Amino acid sequence: MQIKSRVHDNTLFVLLCGELDEHTANYTKITLDDLFSNANIDKVVIDLSELEFMDSTGIGVLIGRYKKMKTKNIPIFICNPSSHVEKIFKMTGLYDLMPKIV
Amino acid sequence: MKNSNFMEVTFKALSVNEGFARVCVASFCVQLNPSVDEITDIKTAVSEAVTNCVVHAYPTQIKGDVTMRCEFEDDTITIVISDRGVGIKDIEKAREPFYTSKPSQERSGMGFTVMESFMDTVDVVSNSFGTQVKMTKKIAESKCEVVS
């Protein structure tokens, strides 16, 4: 897992590259929490265009980040999921928490 | 004559082996000429089952083994993932969507739900000597020809 990020107009853009499973979950949690602690953001966009695989462990990681950012009133949005990831998102209702944007 | 084949691998219950299990099952299933969606469904279901072994089967520091057996007969693939761990106390509860025995670890509790959604059948047998998850999936346009 490789995580790239940039901030533009107070929006944090995060690009997840690789595979998100039990093996990479902890690194992903720590890295995202570190990026999200940036005080100068009011929105997060997670780009999944480079995410090659994700199972339900990834859902746990994302819901955990959602809960943390909710306490700060900072919304998280998802963009560019693969059809496979989208299937898991719809099954688990994740889009109710993190809406998909184009 | 029916086309059939099988393979079996055993590996330590470590998270690093999840990717190995996914690649392994995908390589084997290619013989059945599955679609990309079908192979991704199978990889995801295997990943969920192996994650359960890694996270739940061996609660002590000493990790035991996980065995993955894959076989097909004509157009149907059967995958059995088994461990020799502590077992699942309440299988019915464990299969409920969003149920997790480790809520403090930010787990979604959707592992079995994903397996059930992506495979045709999922059967779980568990006791204090281990757990076995058996999953099957029919490949829609299988064109396998095994040469013996």
Side-chain angles (χ1 to χ4, degrees), chain A residues 1-2 16-36 44 46 48-71 76 78 80-98, chain B residues 11-23 25-26 34-58 63 66 81 94-119 122:
Chain A
M1 171 63 73
Q2 195 182 2
L16 301 186
C17 313
E19 299 187 320
L20 178 49
D21 63 4
E22 179 65 21
H23 189 57
T24 56
N26 209 35
Y27 167 78
T28 305
K29 283 180 195 174
I30 292 167
T31 307
L32 290 181
D33 284 346
D34 187 42
L35 292 169
F36 290 4
V44 175
I46 301 179
L48 301 179
S49 59
E50 304 288 318
L51 190 67
E52 293 160 9
F53 177 84
M54 190 186 86
D55 60 18
S56 72
T57 302
I59 295 296
V61 170
L62 292 174
I63 290 175
R65 310 291 68 71
Y66 164 79
K67 285 180 178 171
K68 288 194 174 184
M69 295 309 269
K70 192 168 184 280
T71 62
I76 302 177
I78 298 292
N80 300 320
S82 66
S83 59
H84 157 69
V85 170
E86 178 135 300
K87 205 167 161 183
I88 298 178
F89 278 13
K90 285 180 176 172
M91 184 190 306
T92 55
L94 195 84
Y95 282 145
D96 295 339
L97 308 178
M98 301 180 179
Chain B
F11 48 87
K12 198 170 180 180
L14 298 175
S15 64
V16 70
N17 286 330
E18 290 184 13
F20 165 73
R22 291 195 296 268
V23 170
V25 76
S35 66
V36 173
D37 281 348
E38 285 169 332
I39 204 82
T40 307
D41 287 354
I42 291 169
K43 283 172 70 178
T44 308
V46 162
S47 197
E48 299 291 354
V50 174
T51 297
N52 281 349
C53 301
V54 170
V55 174
H56 300 287
Y58 305 103
K63 296 296 177 188
V66 178
I81 312 271
R95 293 180 75 146
E96 286 177 8
F98 301 107
Y99 172 78
T100 175
S101 60
K102 297 180 186 291
S104 61
Q105 293 184 11
E106 293 185 349
R107 301 203 172 276
S108 70
M110 291 296 284
F112 278 117
T113 305
V114 169
M115 287 182 237
E116 287 163 1
S117 299
F118 288 4
M119 302 295 282
V122 177

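In what follows, chains are A, B, ... by sequence order, proteins preceding strands, each numbered from 1. All values derive from a computational prediction rather than experimental measurement.
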Tell me which of these, B:Gln105, B:Glu106, B:Met110, has more heavy-atom pairs under 4.5 Å with chain A than the rest. B:Glu106

Looking at B:Val16, B:Asp37, B:Val114, which makes the most heavy-atom pairs under 4.5 Å with chain A?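 When all of B:Val16, B:Asp37, B:Val114 are compared, B:Val16 has the most.
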
Is chain B contacted by the side chain of A:Thr24, its backbone, both, or neither, given a heavy-atom distance below 4.5 Å? neither

Taking A:Val85's backbone N and O only, do any of them form a donor-acceptor pair with A:Ser82's side chain (distance below 3.5 Å, no angle check)?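 Pair found, side chain donor or acceptor close to backbone of A:Val85.
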
Measure from NZ or CZ of A:Lys87 to the centre of the six-membered ring of B:Phe118, then state whether that distance is under 6.0 Å and the direction lies within 45° of the axis. yes

Side-chain contact, heavy-atom cut-off 4.5 Å: [X] with [Y]?
{"X": "A:Met54", "Y": "A:Glu19", "answer": "no"}
{"X": "B:Lys43", "Y": "B:Val46", "answer": "no"}
{"X": "A:Asp34", "Y": "A:Thr31", "answer": "no"}

Do you know the tightest heavy-atom contact between B:Ile39 and B:Pro34?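 The answer is CD1-CG, 3.6 Å.
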
Distance-only check: which donor-acceptor pairs under 3.5 Å involve side-chain atoms of residues 49-57 of chain B, not counting sequence neighbours?
unit_1, atom_1, unit_2, atom_2, d
B:Thr51, OG1, B:Glu18, OE1, 3.2
B:Thr51, OG1, B:Glu18, OE2, 3.1
B:Thr51, OG1, B:Ser47, O, 2.7

Neighbours of chain B found in residues 60-70 of chain A - heavy atoms under 4.5 Å: A:Gly60, A:Val61, A:Gly64, A:Arg65, A:Lys68

Where does B:Asp41 contact chain A at under 4.5 Å (heavy atoms): side chain, backbone, both or neither?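 Contact with chain A involves the side chain of B:Asp41 alone.
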
